[in-house]
Amino acid sequence: MSLPPLVEPAAELTVDEVRRYSRHLIIPDVGMEGQKRLKNAKVLCVGAGGLGSPALMYLAAAGVGTLGIVEFDEVDESNLQRQIIHSQADIGRSKAESARDTVLGINPYTNVVLHEGRLEADNVMEIFSEYDLIIDGTDNFATRYLVNDACVLLNKPYVWGSIYRFDGQASVFWSEHGPCYRCLYPEPPPPGMVPSCAEGGVLGVLCASIGSIQVTEAIKVLTGAGDPLVGRLMIYDALEMTYRQVKVRKDPDCAVCGPNATVKELIDYEAFCGVVSDEAQEAAAGSTITPKQLKEWIDDGEAIDIIDVREQNEYEIVSIPGARLIPKNEFLMGTALQDMPQDKKIVLHCKTGVRSAEVLAVLKNAGFSDAVHVGGGVIGWVNQIEPDKPVY
């Protein structure tokens with residue numbers, strides 16, 4: 001679907017800018033007019049992580065005049081495998097500030113605006129209203145639905161991307177011209193059903209593959225070049241090295257962009273996505289122990305069976321002494337229940353406590369009423385008990 005340019009062109013390019021962008025200027029579909037539009041554009045990138053890193057760097061290199069960065073986190077060593085906008089020297093720094101410095105190192109003509117803090121329902125409308133186009137580089141469902149709904153309510157286009165292990169997806173959502181994210185995914189998946197990159201991992205270079213697609217789509221929307229991915233979902237399989245497209249149609253019953261929309265203002269997205277299910281919260285109430293309590297039970301020789309519900313690759317990185325591995329999915333499928341001891345207290349743990357709470361609910365429903373889980377998971381264990389062990 002060919003669309004008109006999103007922004008008007010700037011008045012002129014300086015001599016230095018003409019030299020810098022000369023390889024764009026000689027492309028007929030960009031040219032002087034398109035480059036002036038990029039100079040006049042205001043693009044906001046939500047997140048300066050895996051997808052945000054290549055997106056911000058290539059948007060700056062392309063000559064986007066104003067780049068906004070929404071980011072609350074600090075640079076961690078585990079980020080450097082894929083978040084290439086940051087370096088070893090940035091560990092412990094604000095990601096927003098680190099990203100800004102890299103962007104300005106690439107293109108000093110870019111105006112960088114920082115929005116340090118979490119994107120929330122009470123600030124998203126004010127922040128988004130300042131920009132022409134949004135790049136969604138988030139990694140959780142609550143923020144994805146927040147970004148989508150805010151863009152629909154403000155009639156803003158946004159470029160979405162998603163990554164996991166070797167797989168990536170990308171699309172352009174613009175309710176005025178096509179479907180929105182809710183047309184594709186009307187409801188979030190059940191809590192704990194879809195693992196995050198922190199739980200399942202991601203190939204570092206996949207971020208560059210999907211992030212570069214996002215920037216390509218942003219440039220096309222801003223300048224009016226080509227056919228943006230409006231109404232199309234691009235699916236990339238890095239292992240097979242294949243790209244395929246799926247048509248996405250506007251849902252006439254969409255809760256936010258349909259003619260009879262029921263979502264006319266922002267909602268509680270944490271509750272909507274159920275970060276931890278009600279059943280898991282109920283199971284964990286009164287059945288959560290601390291890493292220090294677990295250490296005391298181990299030292300006292302208590303009759304306990306410590307079960308790690310993460311995946312094999314996570315278990316190989318770091319584990320709690322004496323824990324045996326039974327991945328969460330085996331509990332959800334019911335195959336692990338036959339291996340549960342009757343003469344020991346079951347102690348579950350995962351990385352942070354989310355997956356183990358979900359498994360705890362399964363065990364409680366199966367009659368293991370005295371089962372408990374470790375709040376904070378293996379990360380809490382390392383921080384409190386074995387600080388010399390690696391974390392991920």
Side-chain angles (χ1 to χ4, degrees), residues 5-27 29-73 75 83-87 89-90 93-117 119 126-138 147 156-159 161 172 207-208 210-225:
L6 181 63
V7 297
E8 294 297 317
E12 62 179 4
L13 297 180
T14 66
V15 172
D16 289 339
E17 288 171 332
V18 169
R19 281 198 294 262
R20 175 177 288 264
Y21 308 126
S22 62
R23 298 305 185 272
H24 273 179
L25 301 180
I26 59 177
I27 300 174
D29 290 333
V30 180
M32 184 68 74
E33 190 80 356
Q35 195 63 49
K36 288 180 180 179
R37 294 185 194 277
L38 293 177
K39 180 178 180 177
N40 205 33
K42 296 179 179 180
V43 176
L44 178 71
C45 191
V46 183
L51 291 175
S53 289
L56 285 165
M57 294 168 74
Y58 270 107
L59 287 167
V64 171
T66 298
L67 280 178
I69 305 172
V70 179
E71 182 57 76
F72 68 91
D73 206 0
V75 180
Q83 300 180 18
I84 58 171
I85 203 167
H86 313 296
S87 70
D90 294 316
R93 288 187 68 200
S94 154
K95 281 187 180 179
E97 294 180 2
S98 170
R100 175 201 59 201
D101 292 349
T102 301
V103 164
L104 292 177
I106 293 171
N107 191 346
Y109 302 118
T110 298
N111 174 39
V112 182
V113 181
L114 301 187
H115 304 275
E116 294 194 76
L119 192 68
E126 180 180 359
I127 293 174
F128 279 18
S129 64
E130 301 175 21
Y131 296 90
D132 302 306
L133 179 142
I134 314 298
I135 301 280
D136 183 3
T138 60
V147 169
K156 303 256 183 197
Y158 78 98
V159 187
V172 176
C207 302
I210 301 303
S212 64
I213 290 175
Q214 289 183 282
V215 176
T216 302
E217 292 305 302
I219 291 173
K220 287 158 62 179
V221 171
L222 293 169
T223 64

Go through it in stages, so that I can follow the logic: the residues are V15 and R19, the test is side chain to side chain contact (heavy atoms under 4.5 Å, CB included), and I'd like the CA-CA distance, side-chain angles, deciding distance and then a yes or no. CA-CA 6 Å; V15 172; R19 281 198 294 262; 3.4 Å; yes

Run the side chain to side chain contact (heavy atoms under 4.5 Å, CB included) check on V70 and F128 step by step: do they pass? CA-CA 10 Å; V70 179; F128 279 18; 5.5 Å; no

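- S53 places no side-chain N or O within 3.5 Å of a backbone atom of G50 that could act as its donor or acceptor partner.
- Listed by chain and residue number, nothing satisfies the salt bridge (Lys or Arg N to Asp or Glu O under 4.0 Å) test with D29 (two or more places apart in sequence, or in another chain).
- Closest approach of A48 to L56, counting heavy atoms only: CB-CD1, 4.1 Å.
- Here the OH-CD distance, from Y158 to E217, works out to 14.0 Å after rounding to the nearest 0.5 Å.
- Side-chain contact between T102 and H86 is absent, with no heavy atoms from C-beta onward closer than 4.5 Å.
- Atom CG in L114 sits 5.5 Å away from atom CZ in R100 (nearest 0.5 Å).
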Side chain to side chain contact (heavy atoms under 4.5 Å, CB included), that's the test. Do K220 and V172 meet it? Break it down for me. CA-CA 11 Å; K220 287 158 62 179; V172 176; over 6 Å; no

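- Considering only residues two or more places apart in sequence or on other chains, D132 meets the salt bridge (Lys or Arg N to Asp or Glu O under 4.0 Å) condition with none of them.
- T14 and D16 share no side-chain donor-acceptor pair at under 3.5 Å.
- Atom CZ of R93 is separated from atom CG of D73 by 14.0 Å, given to the nearest 0.5 angstrom.
- Taking a cutoff of 4.0 Å between a charged side-chain nitrogen and a carboxylate oxygen, E17 and R20 do not qualify as a salt bridge.
- With contacts defined as side-chain heavy-atom distances shorter than 4.5 Å, the pair I135/L59 qualifies.
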V215 and V159: side chain to side chain contact (heavy atoms under 4.5 Å, CB included), yes or no, with the steps? CA-CA 8 Å; V215 176; V159 187; over 6 Å; no

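- Side-chain contact between L44 and H115 is present, with heavy atoms from C-beta onward closer than 4.5 Å.
- At a threshold of 4.5 Å between non-hydrogen side-chain atoms, the residues R37 and L222 do not count as touching.
- Side chain of K156 to backbone of Y131: a donor-acceptor contact under 3.5 angstrom is found.
- Side chain of Q35 to main chain of A62: a donor-acceptor pair is present (N/O by atom type, distance under 3.5 Å, no hydrogens or angles).
- The closest donor-acceptor contact from the side chain of E71 to the backbone of C45 lies at 3.5 Å or more, if one exists at all.
- Listed here is the closest heavy atom pair of P157 and V221: CG-CG1, 4.4 Å.
- Across E116 and A96, no two heavy atoms sit closer than the pair CG-CB, 3.7 Å.
- Shown are T66, I127, L67, I69; of these, the side-chain contact (heavy atoms from CB on, under 4.5 Å) with V113 is made only by T66.
- For V18, the side-chain contact (heavy atoms from CB on, under 4.5 Å) test picks out L13, L25, M32, with sequence neighbours left out.
- Note that CD1 of I219 and CG of L133 are 11.0 Å apart. Values are rounded to the nearest 0.5 Å.
- The closest side-chain heavy-atom distance from H24 to L38 is below 4.5 Å.
- Judged by distance alone, the side chain of K39 and the main-chain N or O of E12 form a donor-acceptor pair under 3.5 Å.
- The number of heavy-atom neighbours closer than 6.0 Å to OH of Y58, taken from other residues, nucleotides and ligands shown, is 12 or below.
- Using modelled atom types, one finds no donor on one side chain facing an acceptor on the other under 3.5 Å when comparing D101 with S98.
- Counting all heavy atoms, side chain and backbone alike, P54 lies closest to G211 at CG-CA, 4.0 Å.
- Atom CD1 in I85 sits 11.0 Å away from atom NZ in K95 (nearest 0.5 Å).
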